[in-house]
Chemist: 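First the structure, then my questions, so here it is.
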Amino acid sequence: MIVAYGVANLLQSVAAARTTVHHTFDPGLLLRLAGHRTYLVGLACQVVGFVLAFLSRRDLPLFLVQASVAAGLGVTALLGVVLLKWRLPVAEVALLVLLFAGITALVLAARPAPSKALGTAGMVALLVALAVIAVLGIFAVRLHGAPGSVALGSLAGLAFSAAAVAARPLASAPSWDAFLSDPLLYLLVGHSVVGQLLLGLAMQRGSTTAAVAAMDAAGAVPAAIVGLLLLNDKIWPGREWLAGIGFLVTLAAVVGLTRYAEPQHQHAVTRAVVGVPPPLVTQPAARVAGTASVITDPLPQAASTGLRRPTTRS
């Protein structure tokens with residue numbers, strides 16, 4: 001699961017960065033992204049990760065599964081080292097160690113248990129949340145630069161968090177008939193689609209780093225709280241402190257990885273994955289202060305769309 005999300009992180013952000021920036025809450029963005037083979041491969045990896053995460057939620061608490069999903073970013077960094085010859089600074093190596101330690105702590109603290117039913121009130125709450133997130137997305141998409149990335153990334157995280165809440169009891173459906181007729185399935189799909197659209201919009205703004213950090217925080221924390229309070233998520237007695245420390249360390253390491261890896265990997269990812277031409281590409285003549293001039297730009301596509309650290313989630 002973590003590996004699948006790590007590969008998806010790398011590929012989907014590259015495709016989003018090479019797609020025309022959208023300034024409206026337009027579902028057509030997903031269709032345009034689907035025109036990129038890189039995005040489709042990344043989406044396939046994300047689907048694999050999603051299925052594995054869904055199956056995990058049947059017995060494992062959401063605080064463990066959601067933290068593991070976010071930990072895919074660590075796999076992205078390791079893939080960069082192995083495949084793209086990235087050089088990890090000492091700070092990033094330390095964050096990867098912390099990430100491994102945090103996940104280990106969560107694994108030791110998590111107590112498997114089947115989910116409780118969410119109930120009608122819970123389903124209504126998820127439906128209202130879907131409508132609210134979509135409406136807020138219509139306004140947030142008007143923001144540009146880092147504020148737009150943070151706002152849209154946070155909303156995407158909330159949508160994915162709600163999808164995780166729906167998935168926990170849905171995974172315990174006794175039969176295919178019960179699974180397909182359960183309203184939670186359609187709430188799960190709705191939140192996932194809205195979250196994917198918001199994430200694509202966020203990654204087109206000024207800072208992919210800010211988008212992913214906001215998404216990871218907004219996606220992990222609410223689901224963990226709801227799981228513990230309402231869905232029968234369990235912690236082994238006496239290990240509550242271990243679960244709390246592990247969750248905080250994992251989340252901090254993920255957010256830190258989005259920060260430290262940004263400058264180093266920008267050019268390598270774009271050229272290696274998407275096949276951007278050599279460093280200097282001559283642009284058509286452009287008018288600057290009333291005169292025509294030729295501009296050379298190392299990475300015109302990345303510069304125009306704000307590509308930074310490659311990352312994403314569901």
Chemist: Which pair of heavy atoms, one from G137 and one from L198, lies closest together, and at what distance?
Modeler: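 G137 and L198 have their closest heavy atoms at CA-CD2, 3.9 Å.
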Chemist: So, taking the atom named CG in D182 and the one named CG in L188, what distance separates them when rounded to the nearest 0.5 Å?
Modeler: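 The CG atom of L188 is 10.0 Å from CG of D182, to the nearest 0.5 Å.
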Chemist: I would like to know whether L230 and V165 meet side chain to side chain contact (heavy atoms under 4.5 Å, CB included); could you show each step before the answer?
Modeler: CA-CA 10 Å; L230 302 177; V165 169; over 6 Å; no
Chemist: State the CD1-CZ distance between I245 and R239, to the nearest 0.5 angstrom.
Modeler: 14.0 Å
Chemist: Taking C-beta and beyond as the side chain, do F50 and S192 meet within less than 4.5 Å on heavy atoms?
Modeler: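 Yes, their side chains come closer than 4.5 Å.
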Chemist: Show the nearest heavy-atom pair for residues I235 and A243, with the distance to one decimal.
Modeler: CD1-CB, 3.8 Å
Chemist: So, for S154 and A218, which heavy atoms are closest and what is the spacing to 0.1 Å?
Modeler: O-CB, 3.4 Å
Chemist: Flag yes if V48 and L55 sit in one hydrophobic cluster, no otherwise; membership is Ile, Leu, Val, Met, Phe, Trp, Tyr, and two members link when side-chain heavy atoms are under 4.5 Å apart.
Modeler: yes
Chemist: If the condition is side-chain contact (heavy atoms from CB on, under 4.5 Å), which residues does V97 pass it with, not counting sequence neighbours?
Modeler: none
Chemist: Please check: side-chain N/O of Q196 versus main-chain N/O of V194, any donor-acceptor pairing under 3.5 Å?
Modeler: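 Not at all, since once roles are kept as given, no pair shorter than 3.5 Å links the two residues.
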Chemist: Under a single-linkage definition using a 4.5 Å side-chain heavy-atom cutoff for Ile, Leu, Val, Met, Phe, Trp and Tyr, are V132 and L201 assigned to the same hydrophobic cluster?
Modeler: yes
Chemist: Does the side chain to side chain contact (heavy atoms under 4.5 Å, CB included) test come out yes or no for L126 and L184, once each step is laid out?
Modeler: CA-CA 9 Å; L126 287 177; L184 287 174; 3.9 Å; yes
Chemist: Does any part of the side chain of L95, heavy atoms only, come nearer than 4.5 Å to the side chain of V254, both counted from C-beta?
Modeler: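 V254 does not reach L95 side chain to side chain.
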Chemist: Show me the donor-acceptor pairs, under 3.5 Å and distance only, between side chains in residues 99-122 and residues at least two apart or in other chains.
Modeler:
from	atom 1	to	atom 2	distance (Å)
T104	OG1	F100	O	2.8

Chemist: Within the side chain of R168, is there an N or O that forms a donor-acceptor pair under 3.5 Å with the backbone of R58?
Modeler: yes
Chemist: Between the main-chain N or O of A220 and the side-chain N or O of S161, is there a donor-acceptor pair closer than 3.5 Å?
Modeler: no
Chemist: Please evaluate residues L62 and V226 with respect to the criterion side chain to side chain contact (heavy atoms under 4.5 Å, CB included), reporting the C-alpha separation (whole Å), side-chain torsions for both, the decisive distance (0.1 Å), and the verdict.
Modeler: CA-CA 9 Å; L62 288 179; V226 172; 5.6 Å; no
Chemist: Which value, rounded to the nearest 0.5 Å, describes the distance between L155 atom CG and M215 atom CE?
Modeler: 12.5 Å
Chemist: For S181, does its backbone N or O pair with a side-chain atom of Y186 as donor and acceptor, under 3.5 Å?
Modeler: no
Chemist: List the steps, then state whether side chain to side chain contact (heavy atoms under 4.5 Å, CB included) holds for V69 with F160.
Modeler: CA-CA 11 Å; V69 169; F160 290 135; over 6 Å; no
Chemist: Are side-chain heavy atoms of L158 and L136 found at a separation under 4.5 Å?
Modeler: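 In short, these two side chains do not touch, never coming nearer than 4.5 Å.
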Chemist: What pair of heavy atoms forms the shortest contact from S68 to M1, and how long is it?
Modeler: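 Residues S68 and M1, closest heavy atoms: CB-CE, 3.4 Å.
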Chemist: If you measure from CG on L143 to CG on L152, what distance do you get to the nearest 0.5 Å?
Modeler: 7.0 Å
Chemist: Under a 3.5 Å distance rule, please check whether H191 uses its side chain to pair with a backbone N or O of A164 as donor and acceptor.
Modeler: no
Chemist: Membership question, hydrophobic clusters at under 4.5 Å side-chain separation (ILVMFWY): are W241 and W236 in the same one?
Modeler: no
Chemist: Is it possible for you to say whether L251 and L248 belong to one hydrophobic cluster, with membership spreading through side-chain heavy-atom contacts below 4.5 Å?
Modeler: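 Not linked; separate clusters.
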Chemist: State, to 0.1 Å, how close L98 and V249 come at their nearest heavy-atom pair, and which atoms those are.
Modeler: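 In this case the closest contact between L98 and V249 is O-CG1, 3.3 Å.
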Chemist: As an exercise, state the distance from CG of L197 to CD1 of I133, rounded to the nearest 0.5 Å.
Modeler: 12.5 Å
Chemist: What residues, two or more places apart in sequence or in another chain, satisfy side-chain contact (heavy atoms from CB on, under 4.5 Å) together with A224?
Modeler: F63, F247
